[in-house]
Structures are given as structure tokens and as C-alpha cells.
Amino acid sequence: MSIFFLVAGLEIKHEVLHGNLSTLKKASFPIIAAIGGVALPAIIYFIFNKNTSYLSGICIPISTDIAFAVGVFYIFKNKLDPKLSVFLLSLAVVDDLISIICIGVIYSLNIKLPFLIIAIIIFFLLIIANKIFNIQSILYYLIAGLCLWYFIHLSGIHSTISGVLLAISIPSSGHSKICTLDRLQKILTPINNLFIVPLFAFANTGIVLVYNIDISSSYPLILGIIIGLCVGKPLGIILFTYIGSLLQITEKPKNTSWVSLFLVSLLAGIGFTMSIFVTEIAFIHDLVLVDIAKLSILVASIISVLSTAVCIYLYSVYLKVLK
């Protein structure tokens with residue numbers, strides 16, 4: 001998964017340098033949307049689980065699965081505002097960045113300072129290699145990144161954060177026409193899409209549908225995940241962006257209606273891969289809870305897709321009636 005987050009980090013860096021996050025005006029709307037889409041699900045989950053032993057799963061409903069959400073968007077692309085595909089992608093990238101930070105902070109225990117110091121030194125050496133010595137070798141950064149991953153793992157901080165740190169240190173300019181960042185993206189993106197993500201899904205998505213799992217005491221966990229993803233995500237996105245626009249902190253994309261934004265925000269409830277990944281970390285010592293949480297994530301993702309389809313249909317009927 002560190003490779004997955006390295007690719008995500010490269011995408012984030014590219015967007016910050018050249019894409020939809022390159023200016024404050026461009027970046028503020030999806031960033032505020034992502035913050036709302038993280039905060040409200042976490043609050044909903046906390047309300048349901050504040051007095052239970054499931055509180056460690058608070059980061060489960062805050063994530064959006066980039067690949068699945070954007071993939072479903074293209075299934076409905078003829079019914080959705082095509083300009084909002086960029087908004088959804090940017091939102092999901094920022095959303096995942098917040099999730100990575102939460103993983104690094106909340107699920108990192110018993111930090112061993114000597115190993116953490118070594119990891120910090122390696123990170124600064126990577127930055128120096130980029131900024132001072134202008135090293136462009138992909139092999140150099142991958143070998144140093146492997147060392148960074150190893151010592152972060154030993155330090156007690158969750159090692160997936162190494163992928164993002166490595167992405168930060170990758171050169172985004174150089175003597176050649178294609179910079180190291182772009183070259184590494186071209187190498188890793190197909191590997192990530194064709195092998196890493198499917199392998200992760202195959203290995204970790206397994207949901208045990210057996211009749212003897214006792215869910216009677218797990219309703220707070222189930223409701224926190226499902227309502228957090230299906231209701232908290234779209235509501236948080238719309239609420240935060242609407243207030244931000246009202247206060248002139250940010251600006252809604254031109255010629256885009258709030259209804260169109262709401263339809264796209266429903267897709268953010270597809271947590272799937274990221275939410276499952278957090279589940280594996282949050283309930284690492286309780287496989288029954290892992291299976292219950294996975295089932296809840298699957299149900300929430302299905303509800304998010306179906307609710308998007310239903311709302312699209314109802315909105316199209318409404319438009320026909322108006323005509």
C-alpha cells in the first residue's frame with residue numbers, strides 16, 4: 001500500500017504544481033469540500049460510538065475511493081456535469097491526503113524515537129538530493145524510499161506515510177523534457193492500477209457472509225459507517241462548500257448548479273478500498289469486527305451508487321416536467 005500512496009502522492013504533487021490545485025482559487029473549493037466530507041462523517045461516527053469500544057474506527061467513514069468513485073462517475077457521465085469529474089478527482093485526492101495524515105497520527109502507537117530520527121534524516125537527504133544536487137535518478141529515489149519506509153515502519157508510525165513523503169521529495173523539474181515526477185508516474189501508475197489495487201482488493205476485501213456472526217452489539221459500528229459514508233459525506237461536502245461560497249471564502253465552479261454538485265457528492269460515499277484499508281488497521285486484533293466493518297462499507301458503497309442513480313433519475317424527471 002505504500003506504493004499506492006506513493007502514486008497518490010505523485011498525483012497530489014502534480015495537481016499542486018500544474019493542475020486543479022495550482023492556485024488558491026482553484027484549490028479552495030475541492031479542499032473545503034474534502035474537509036467537510038471528512039469532518040461530518042467523523043462526527044456522525046463519533047456520536048454513534050463515543051461510549052463504545054469501536055471508537056478506534058472513527059477514520060473508516062472519512063475516506064473516498066478515488067478509482068471506484070471516478071469510475072462510477074464515468075458510468076453516469078451522460079447524466080452528470082462533465083466539468084465536475086475534475087472536482088470529484090481533486091476532492092478525492094485531498095480526501096485521501098487527509099486520510100493518510102489521520103492514519104499516520106491516530107494509528108501510530110509506541111513511537112520509537114531513534115528510528116524516527118533516522119527516517120527524518122533520510123527524508124531530508126532526499127530533499128537535499130533533489131533541491132541541491134539535482135539528482136534525477138529514479139532508482140536512487142526508490143532505493144532511498146525503501147530505506148525511508150523501513151525506518152518509518154520500525155519507528156511505530158504507519159509506514160504508508162513514507163509513500164507521500166517520498167512523493168514530496170521527487171524532482172518536478174530537470175534537464176530532460178520529462179521530469180522525474182512524470183517519468184515515475186508513467187512507470188508506477190499502470191503497475192498501481194493493474195496490480196497493486198486489484199491485489200489489495202483481492203487480498204483484503206474478503207467479506208465473510210456467514211449467519212453466525214453476532215451483530216447485535218455492533219449496531220453503533222454499522223450505523224456509524226453506513227450513515228457516515230452515505231449521509232455524512234455528501235452532506236458535509238455540500239454544507240461546507242455552500243457556507244464557504246456564502247462567506248466568499250471559495251467560489252463554486254462557473255455554470256455548475258448545486259444540484260449537480262450534490263449528485264456528484266453522493267459518489268464520495270464510496271469508501272471501499274481506503275475504508276477497508278483503515279478497517280484493517282483500526283481493528284487489527286479483532287477479525288470479527290473487521291468483517292462486520294467491511295460488510296458495512298460494502299453496503300454503504302452500494303447505497304451510494306444506487307442513491308446517485310435514483311437522484312439522477314428523479315432530477316431528470318423533474319427537468320422534463322418543467323419543460
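Residue numbers count from 1 along this sequence. Since the structure is predicted, the reported quantities are computational estimates derived from the model, not experimental observations.
A perpendicular orientation is assigned to the rings of Y242 and W258, their planes being inclined by more than 60° (bins at 30° and 60°).
Within 6.0 Å of the NZ atom in K79, the count of heavy atoms belonging to other residues, nucleotides or ligands does not exceed 12.
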For side-chain contact (heavy atoms from CB on, under 4.5 Å), just list the numbers for F68 and S301, CA-CA rounded to whole Å, side-chain angles, deciding distance to a tenth of an Å, and then say yes or no. CA-CA 9 Å; F68 279 92; S301 298; over 6 Å; no
Stepwise side-chain contact (heavy atoms from CB on, under 4.5 Å) check, L181 with H14: CA-CA 8 Å; L181 187 148; H14 185 271; 4.2 Å; yes
Before giving the answer on side-chain contact (heavy atoms from CB on, under 4.5 Å), spell out for I117 and L113 the whole-Å C-alpha distance, their side-chain angles and the decisive distance to 0.1 Å. CA-CA 6 Å; I117 291 172; L113 193 57; 3.9 Å; yes
side-chain contact (heavy atoms from CB on, under 4.5 Å) between F29 and E251, worked out: CA-CA 6 Å; F29 196 80; E251 184 179 340; 5.9 Å; no
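Of the possible polar contacts, one joining the K233 side chain to the G37 backbone as a donor-acceptor pair under 3.5 Å is found. Side chain of T64 to backbone of A268: a donor-acceptor contact under 3.5 angstrom is found. The backbone N or O of S173 sits less than 3.5 Å from a side-chain atom of Q136, completing a donor-acceptor pair. Proximity of a side-chain donor or acceptor of T189 to a complementary backbone N or O of K186 within less than 3.5 Å is not detected. The main-chain N or O of L188 is never found under 3.5 Å from a side-chain atom of N192 such that the two would form a donor-acceptor pair. Judged by distance alone, the side chain of S275 and the main-chain N or O of I60 form a donor-acceptor pair under 3.5 Å. Without hydrogens or angle criteria, N49 side chain to P220 main chain gives a donor-acceptor distance under 3.5 Å. Without hydrogens or angle criteria, S260 side chain to T256 main chain gives no donor-acceptor distance under 3.5 Å.
In this structure, the side chains of L165 and I152 come closer than 4.5 Å at one or more pairs of heavy atoms. Residues T308 and V72 have side chains not in contact (no heavy-atom distance under 4.5 Å, counting atoms from C-beta outward). Under the 4.5 Å side-chain criterion, counting only non-hydrogen atoms from C-beta, F283 is in contact with L221. Between I138 and T180, some side-chain heavy-atom pair lies under the 4.5 Å cut-off. L84 is not listed as a side-chain neighbour of L80, based on a closest heavy-atom distance of 4.5 Å or more. F73 has its side chain out of reach of L89: every pair of non-hydrogen atoms, C-beta onward, lies at least 4.5 Å apart. Side-chain contact between I58 and K50 is absent, with no heavy atoms from C-beta onward closer than 4.5 Å. No side-chain heavy atom of L261 sits under 4.5 Å from any side-chain heavy atom of I237.
In this structure, F151 is a member of the same hydrophobic cluster as L125, with clusters built from ILVMFWY side-chain heavy atoms closer than 4.5 Å. Using a 4.5 Å cut-off between side-chain heavy atoms of Ile, Leu, Val, Met, Phe, Trp and Tyr, with links allowed through other members, V305 and L235 fall into different hydrophobic clusters. I276 and I284 fall into different hydrophobic clusters, where Ile, Leu, Val, Met, Phe, Trp and Tyr side chains are chained together by heavy-atom contacts under 4.5 Å. L40 and F87 are not part of a single hydrophobic cluster, where members link through side-chain heavy atoms under 4.5 Å apart. In this structure, F46 is not a member of the same hydrophobic cluster as V231, with clusters built from ILVMFWY side-chain heavy atoms closer than 4.5 Å.
Here CD1 of I302 is found 10.0 Å from SG of C230. Values are rounded to the nearest 0.5 Å. For the atom pair Y54 OH and Y45 OH, the distance stands at 9.0 Å (nearest 0.5 Å). Once rounded to the nearest 0.5 Å, the distance linking OH of Y315 with OG of S257 reads 4.5 Å. Atom OH of Y74 is separated from atom CG of L88 by 9.0 Å, given to the nearest 0.5 angstrom. For the atom pair CD1 of I32 and OG of S28, the computed distance is 5.5 Å after rounding to the nearest 0.5 Å. From L267, atom CG reaches atom OG of S85 across 11.5 Å, with rounding to the nearest 0.5 Å.
Side-chain polar atoms of N130 and S169 form no donor-acceptor pair below 3.5 angstrom. Counting only N and O atoms by type, the side chains of S63 and S99 include a donor and acceptor under 3.5 Å apart. Side-chain N/O atoms of S162 and S159 include no donor and acceptor closer than 3.5 Å.
In this structure, D65 has no salt bridge (Lys or Arg N to Asp or Glu O under 4.0 Å) partners at least two apart in sequence or on a different chain. Listed by chain and residue number, D81 satisfy the salt bridge (Lys or Arg N to Asp or Glu O under 4.0 Å) test with K83 (two or more places apart in sequence, or in another chain).
V310 forms part of a hydrophobic cluster together with Y313, L314, V317, V321, judged by ILVMFWY side-chain heavy-atom separations under 4.5 Å.
Residues A300 and I226 share a closest heavy-atom pair of CB-CA, 4.0 Å. In terms of heavy atoms, L229 sits closest to P61 at CD2-O, 3.3 Å.
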